[in-house]
Amino acid sequence: MTHILDDLDARGLLAHSTDPDALRAALSAGPVTYYVGFDPTAPSLHVGNLLQLLTARRLQMAGHKPLILVGGSTGLIGDPKQTGERSMNTKETVAEWVDKIRDQVSAFVDFDGPNGATIVNNLDWTQELNTIDFLRDIGKHFPVNRMLARDVVSSRLETGISYTEFSYVLLQSLDFLELYRRYGCVLQTGGSDQWGNLTAGVELIRRADAGKAHALATPLVTKADGTKFGKTESGTVWLDPELMSPYAFYQSWIQAEDSKVGDYLKQFTFLEVDQIDAVMAEHLEKPGLRAAQRLLATEMTALVHGSHEAIAAELASSALFGRGALEDLPESTLSAALQEAGVVHLATGDSPTLVDALVASGLADSKSAARRAIADGGAYVNNERVTDPDALLADGVLMHGSWAVLRKGKRSVAGVKLV
RNA sequence: GGCAGGUUGCCCGAGUGGCCAAAGGGAUCUGACUGUAAAUCAGACGGCAACGCCUACGCAGGUUCGAACCCUGCACCUGCCA
């Protein structure tokens with residue numbers, strides 16, 4: 001049986017860890033209670049958070065007990081980031097997001113059995129916290145000179161950082177200490193950007209309780225150009241289907257770069273490393289088939305939205321991007337595919353123009369943008385390029401009498417049904 | 001509270017009375033090549049009833065034929081002093 005640390009390492013999920021030998025021994029000795037936290041900074045988690053959830057799940061599958069923390073209090077404070085001060089959200093908003101995120105994380109861990117997961121909210125132990133006690137019991141363990149030396153803080157000294165954000169690390173460290181005391185939690189995991197917060201907690205446990213705890217960080221997942229993974233052209237890749245349809249989610253994975261798809265398969269899916277290596281070997285032979293991307297997209301969509309949605313997204317994608325001609329698709333297939341991609345209904349009586357349709361479908365942000373797309377030669381109806389900026393939608397041949405497949409550029413497709 | 005500097009388009013950043021819808025870079029979009037990949041090259045990149053009009057350079061007023069640019073007030077940010 002492979003040691004969990006070796007599996008994580010083989011998958012490229014280990015960036016840093018405190019005292020690797022001691023951590024390895026602890027994980028071998030028996031079930032370890034560990035935690036990973038998510039702050040409610042939005043109504044949904046995104047794929048960056050997903051990596052942390054899946055890593056937590058890997059540890060659980062290896063027999064360890066997860067605590068999933070939702071940051072009801074830390075979400076009110078804001079983890080400092082390089083770019084500047086966060087805008088504060090109201091307590092009501094944060095409370096709403098806490099509920100949503102609690103529901104989301106619940107889908108990724110197992111609640112049954114001796115190592116069933118527990119979801120905790122740090123508001124439970126901080127909202128009644130007394131300021132004097134906090135400063136005496138927690139604050140005393142934090143040397144300000146060390147806090148100032150942290151990268152995020154020092155980079156913010158020029159532009160400014162509020163005391164609120166400066167204090168964030170104390171709260172996260174307090175969480176670790178609290179979970180150590182309440183649940184015997186001795187390991188915190190997170191992204192490498194969390195390393196400072198993670199080790200601060202380890203240190204607090206040592207100073208306050210003379211306890212031994214560990215931290216483990218996954219690397220920052222990047223795209224081929226080195227930028228942060230999880231943003232597409234249109235924005236963040238959300239897990240909530242209300243914010244991003246399963247089809248769009250599937251599309252975001254299928255567009256993975258060749259140079260990254262192997263890493264993603266290892267880091268995100270539960271396929272065996274050997275199996276992934278075999279797929280990648282084939283992929284290198286015939287990259288044009290994009291077999292690795294297809295596998296990745298299907299696996300991830302199934303993991304997040306269920307296999308039913310994964311199949312639907314896959315079918316829609318192959319119908320719309322497949323080699324076959326659109327007119328060969330039966331109406332039921334076409335309609336189902338377009339439902340996934342997004343459909344707008346337009347009234348035939350209004351004799352909508354292509355420009356109108358591009359805007360209505362969301363493929364273009366404005367009429368100017370739609371005209372620009374047409375002028376650039378990037379607008380297609382039923383896979384035929386249209387270059388007339390004043391074209392009416394009905395000028396082309398409608399599929400099955402009422403459907404038009406709109407495409408802008410290579411990747412963006414939407415359906416229009418004339419009614 | 002005082003003094004100094006700052007606030008420009010998605011981001012960074014030039015511009016300091018007309019030639020400014022505003023240089024340059026990044027991001028983004030499109031095309032060519034291709035594979036819903038990368039790299040490269042090229043074009044686009046506020047809006048609209050579109051050779052014109054409207055909106056825009058922190059906010060609100062003012063001076064002027066004309067303001068991102070000058071003046072006044074306000075807000076916020078940074079630094080120094082208290």
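We use all heavy atoms of the structure for the numbers below, so side chains are in, but hydrogens, waters and symmetry mates are not. Every chain is numbered from 1, with letters handed out A, B, ... down the list of sequences.
Classification of Asp263(A) and Arg11(A) as a salt-bridged pair fails, no side-chain N sitting under 4.0 Å from a carboxylate O. Between Glu203(A) and Arg206(A), at least one side-chain N (NZ, or NE/NH1/NH2) sits under 4.0 Å from a carboxylate O, which counts as a salt bridge.
The distance from the CG atom of Leu243(A) to the CH2 atom of Trp238(A) is 6.5 Å, given to the nearest 0.5 Å.
In this structure, CG of Asp376(A) is placed 16 Å from P of U28(B), rounded to the nearest angstrom. The interatomic distance linking Ile254(A) (CD1) with A38(B) (C1') rounds to 17 Å, in whole Å. Across the protein-nucleic acid pair, Lys223(A) atom NZ and A37(B) atom P stand 13 Å apart, rounded to whole Å. Nucleotide C77(B) holds its P atom 13 Å from the CD atom of Glu165(A), rounded to whole Å. The separation between Asp258(A) atom CG and U36(B) atom P is 11 Å, rounded to whole Å. Atom P of nucleotide U36(B) and atom CG of Asn383(A) are separated by 11 Å, given to the nearest angstrom. For the pair Leu296(A) CG and A37(B) P, the computed distance is 15 Å after rounding to whole Å. When rounded to the nearest whole Å, the span between CG of Leu406(A) and C1' of U36(B) equals 17 Å.
The shortest distance between the side-chain N/O atoms of Lys410(A) and the OP1/OP2 oxygens of A37(B) is below 4.0 Å. At the phosphate of G31(B), neither OP1 nor OP2 sits under 4.0 Å from any side-chain N or O atom of Arg372(A). Distances shorter than 4.0 Å separate some side-chain N or O of Lys367(A) from OP1 or OP2 on A49(B). Side-chain N/O atoms of Tyr380(A) include none lying less than 4.0 angstrom from OP1 or OP2 on U36(B).
Among G35(B), U36(B), G47(B), the nucleotide with an atom closest to any side-chain atom of Gln293(A) is G35(B). The side chain of Ser366(A) has G47(B) as its nearest neighbour among G31(B), A38(B), G47(B). Listed candidates were U36(B), A50(B), G47(B). Nearest to the side chain of Arg371(A) is A50(B).
Among the heavy atoms of the strands lying under 4.0 Å from Arg290(A) is at least one base atom, whether or not backbone atoms are also near. Among the protein residues, Lys408(A) comes within range of the sugar-phosphate backbone only, with heavy atoms under 4.0 Å from sugar or phosphate atoms but none that close to a base. If you check every strand for non-hydrogen atoms under 4.0 Å, Arg294(A) touches nothing. Residue contacts for Gly378(A): at a heavy-atom cut-off of 4.0 Å it reaches the sugar-phosphate backbone alone, with no base atom in range. Across all strands shown, Tyr250(A) has no heavy atoms under 4.0 Å from either base or sugar-phosphate atoms.
Put simply, the side chain of Thr126(A) never gets that close to the backbone of Leu129(A): no donor and acceptor are under 3.5 Å apart.
Because its glycosidic torsion is more than 90° from 0, C65(B) is reported here as anti.
A side chain to side chain donor-acceptor pair (under 3.5 Å) with Thr74(A) holds for exactly one of Asp39(A), Thr41(A), Asn197(A), Asp79(A); it is Asp39(A).
Ring pair Tyr264(A)/Trp253(A) is perpendicular by interplanar angle, where above 60° counts as perpendicular and below 30° as parallel.
The shortest non-hydrogen separation linking Gln293(A) to Asp258(A) is NE2-OD1, 3.0 Å. Nearest heavy atoms, Pro40(A) versus Val94(A): CG-CG1, 3.7 Å. Nearest heavy atom pair, residue Gln60(A) against residue Asp110(A), reads NE2-O, 2.7 Å.
Of all the residues in residues 269-279 of chain A, not one reaches under 4.0 Å from RNA chain B with any non-hydrogen atom. For the contact set between residues 298-322 of chain A and RNA chain B, defined by any heavy atom under 4.0 Å, the members are Ser317(A), Phe321(A).
Between G13(B) and U8(B), the distance separating the two P atoms is 8 Å to the nearest Å. For the C1' atom pair drawn from G24(B) and G17(B), the interatomic distance equals 23 Å after rounding to whole Å. Rounded to a whole angstrom, the distance from the C1' atom of U64(B) to that of C71(B) is 11 Å. Comparing C41(B) with U34(B), their C1' atoms sit 14 Å apart, to the nearest whole Å. When the P atom is compared between A21(B) and U36(B), the two are found 42 Å apart, to the nearest whole Å. Rounded to a whole angstrom, the distance from the C1' atom of A68(B) to that of U16(B) is 9 Å. Comparing the C1' positions of A49(B) and C45(B) gives a spacing of 23 Å, expressed to the nearest Å. Nucleotides C69(B) and G18(B) are separated by 11 Å at their C1' atoms, to the nearest Å.
Around the CG atom of Asp151(A), the shell of radius 6.0 Å holds no more than 12 heavy atoms that belong to other residues, nucleotides or ligands.
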Exercise. Do Asp356(A) and Lys367(A) pass the side chain to side chain contact (heavy atoms under 4.5 Å, CB included) test, and can you show the C-alpha distance, the side-chain angles, and the key distance before you say yes or no?
Worked result: CA-CA 7 Å; Asp356(A) 294 331; Lys367(A) 290 187 180 182; 3.7 Å; yes
Exercise. Could you go step by step and tell me if Phe166(A) and Phe142(A) meet the ring-ring contact (aromatic ring centres under 6.0 Å, His included) rule?
Worked result: CA-CA 12 Å; Phe166(A) 179 63; Phe142(A) 286 80; 9.8 Å; no
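Remark on RNA chain B: of its neighbouring residues Ser412(A) and Ser368(A), the 5'-side contact belongs to Ser412(A), judged by nearest-heavy-atom nucleotide. Where Ala373(A) and Asp365(A) each meet RNA chain B at their nearest nucleotide, the meeting point lying more 5' is that of Ala373(A).
The strand RNA chain B forms stems, runs of 3 or more Watson-Crick or G-U wobble pairs with distances below 3.5 Å, at B:1-7 with B:75-81, B:10-12 with B:24-26, B:28-32 with B:40-44, B:46-48 with B:52-54, B:58-62 with B:70-74.
Note: Tyr35(A) and Tyr180(A) fail the aromatic proximity criterion, with ring centroids not under 6.0 Å apart.
A cation-pi arrangement is absent between Arg57(A) and Phe108(A), since the terminal nitrogen or guanidinium carbon is not both under 6.0 Å from the aromatic centre and inside a 45° cone about the axis.
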